[in-house]
Protein chains: 2
Amino acid sequence: MSDQDTAGLRARLVQAGVDLLTEEGVQALSLREIARRAGVSHGAPRRHFPTHLSLLSAIARQGFADLADKVAADIDGHRTDPRAQLMALGRGYLDFALAHRGMFELMFRHDLLESNQLGLRETSLPLFQILVDLVSRVQPRSDVPPPVVAGALWSNLHGIAQLWRWGSLQLATGTDDVEPLLRAALDAHLGPAGR
Amino acid sequence: MSDQDTAGLRARLVQAGVDLLTEEGVQALSLREIARRAGVSHGAPRRHFPTHLSLLSAIARQGFADLADKVAADIDGHRTDPRAQLMALGRGYLDFALAHRGMFELMFRHDLLESNQLGLRETSLPLFQILVDLVSRVQPRSDVPPPVVAGALWSNLHGIAQLWRWGSLQLATGTDDVEPLLRAALDAHLGPAGR
DNA sequence: CGCTTCGCGTAGACACTGTCTACCTCTCTG
DNA sequence: CAGAGAGGTAGACAGTGTCTACGCGAAGCG
């Protein structure tokens with residue numbers, strides 16, 4: 001019996017889901033297929049997750065945690081300059097969205113998640129708080145409140161991620177590089193870089 | 001026999017789908033339920049749409065057309081001022097996303113659409129062209145090319161729509177009004193209003 | 001006119017899904 | 001040692017998308 005088998009089934013199911021998600025995408029995440037991957041019968045998950053959506057929510061939660069970790073690490077690289085930290089945050093967000101396509105899609109598919117349940121919509125709050133902090137450090141005295149600027153900037157990042165994955169932005173702007181868009185978004189919301 | 005029945009089944013299926021979509025949301029759009037709504041057997045749609053996804057794609061196409069019409073109408077209200085036209089466009093986009101929640105969701109659910117098929121991803125191009133035109137009229141001489149500014153602005157609008165529908169922005173910014181975010185986005189990408 | 005073809009809808013099968021329920025088998029405890 | 005309960009198994013059920021065989025009615029044609 002390997003230690004994989006001795007591990008709690010709950011964690012094993014989540015891991016199997018993450019693997020399946022990265023390998024085959026969201027539509028492959030059926031409850032029965034996840035159970036098969038974990039080597040148990042299709043009824044087993046029910047002992048740990050009352051419903052299919054609650055299992056998918058657990059998988060998404062893992063994704064939110066990974067994203068938060070990654071962005072925090074990316075920011076740590078530029079300890080001094082808040083402007084550079086914001087750039088790193090934006091790049092990290094887009095990197096994650098493009099590198100973990102399935103996971104990113106799941107994370108914002110509120111029809112597949114228990115979004116009403118406490119603790120899921122709130123998962124992105126710490127990340128947003130970091131964003132607000134950085135924004136207010138870059139713009140100490142703006143007429144627009146920092147949370148609004150941060151919200152607009154986050155929306156911009158998220159929209160770029162979404163439309164880029166969809167392929168529309170490449171088609172519309174005629175380029176294959178996200179970088180100009182990312183730079184344009186940051187310059188727009190924070191003012192040009194070297195002001 | 002009403003003229004509803006004499007109409008081609010193809011159009012009737014799309015209409016039934018649109019109705020079902022606005023009434024019950026995306027997850028209710030099963031092929032069999034649409035067929036039931038249209039008063040035919042579950043095999044009938046196959047004569048007009050080879051697969052479930054192609055039927056959903058036709059429904060989404062209707063949505064893209066409606067959105068383009070609405071935005072064009074909204075813009076026509078302010079014939080003179082391109083800045084006001086952009087504001088109208090943005091507001092129209094958000095209005096549509098919030099008023100036709102199911103349709104807007106379907107339109108950007110590329111897992112439910114034949115997004116590789118010609119003619120669907122391109123549906124948003126005319127709208128984007130209008131956006132580029134308006135942007136280049138507001139900013140005649142910017143160092144950032146108009147398509148990039150337009151792409152960034154579109155991303156921002158789309159991101160606001162997405163995150164607002166999800167509820168994250170209300171939670172994060174602590175407000176129940178999208179207007180400040182819309183205004184912040186336009187000011188950011190085009191410069192303050194009365195410059 | 002009679003016959004054939006064919007567009008278009010029907011009906012049933014198949015594999016697959018999520019959920020529910022009855023069972024079975026361990027392990028821990030009094 | 002007996003019993004209880006946690007946790008996995010297996011089967012049923014309604015629903016899904018797709019495929020196939022069938023039927024019907026209208027149009028075309030000698």
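Below, all heavy atoms of this structure are taken into account, side chains as well, without hydrogens, waters or symmetry copies. Chain letters run A, B, ... following the sequence lines, proteins first, then strands; residues in each count from 1.
Contact annotation: S30(B) side-chain N/O to dG15(D) OP1/OP2 distance is not under 4.0 Å. Residue T51(A) places at least one side-chain N or O closer than 4.0 Å to OP1 or OP2 of dT19(C).
Nucleotide dG15(D) holds its P atom 16 Å from the CG atom of L31(B), rounded to whole Å. The distance from atom CD1 of I34(A) to atom P of dT17(C) is 11 Å, rounded to the nearest whole Å. Atom CG of L112(A) and atom P of dG18(C) are 11 Å apart (whole Å). The distance from atom CG of L13(B) to atom P of dG17(D) is 13 Å, rounded to the nearest whole Å. Straight-line distance from the NE2 atom of H52(B) to the P atom of dA15(C): 22 Å, rounded to whole Å. As rounded to whole Å, 11 Å separates atom P of dG9(C) from atom CZ of F49(B). When rounded to the nearest whole Å, the span between CZ of R37(A) and P of dT17(C) equals 13 Å. Spacing between atom CG of L55(B) and atom P of dT16(D) amounts to 14 Å, rounded to whole angstrom units.
Side-chain atoms of S57(B) and F49(B), non-hydrogen and from C-beta on, never get closer than 4.5 Å to each other.
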Nucleotide-resolved protein contact map, nucleotides 3-11 of chain D, B/S/- at heavy-atom distance under 4.0 Å: ----BBBBB
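Taking the ring centroids of H100(A) and F104(A), they lie at or beyond the 6.0 Å cut-off.
For D111(A) and R109(B), the salt-bridge test passes: some basic side-chain N is under 4.0 Å from an acidic carboxylate O.
Of the options F128(A), F108(A), W164(A), a ring-ring contact (aromatic ring centres under 6.0 Å, His included) to H158(A) is made by F108(A) and by none of the others.
Closest approach of L55(A) to I34(A), counting heavy atoms only: CD2-CD1, 3.9 Å.
Using modelled atom types, no side-chain atom of T51(A) and backbone atom of S54(A) make a donor-acceptor pair closer than 3.5 Å.
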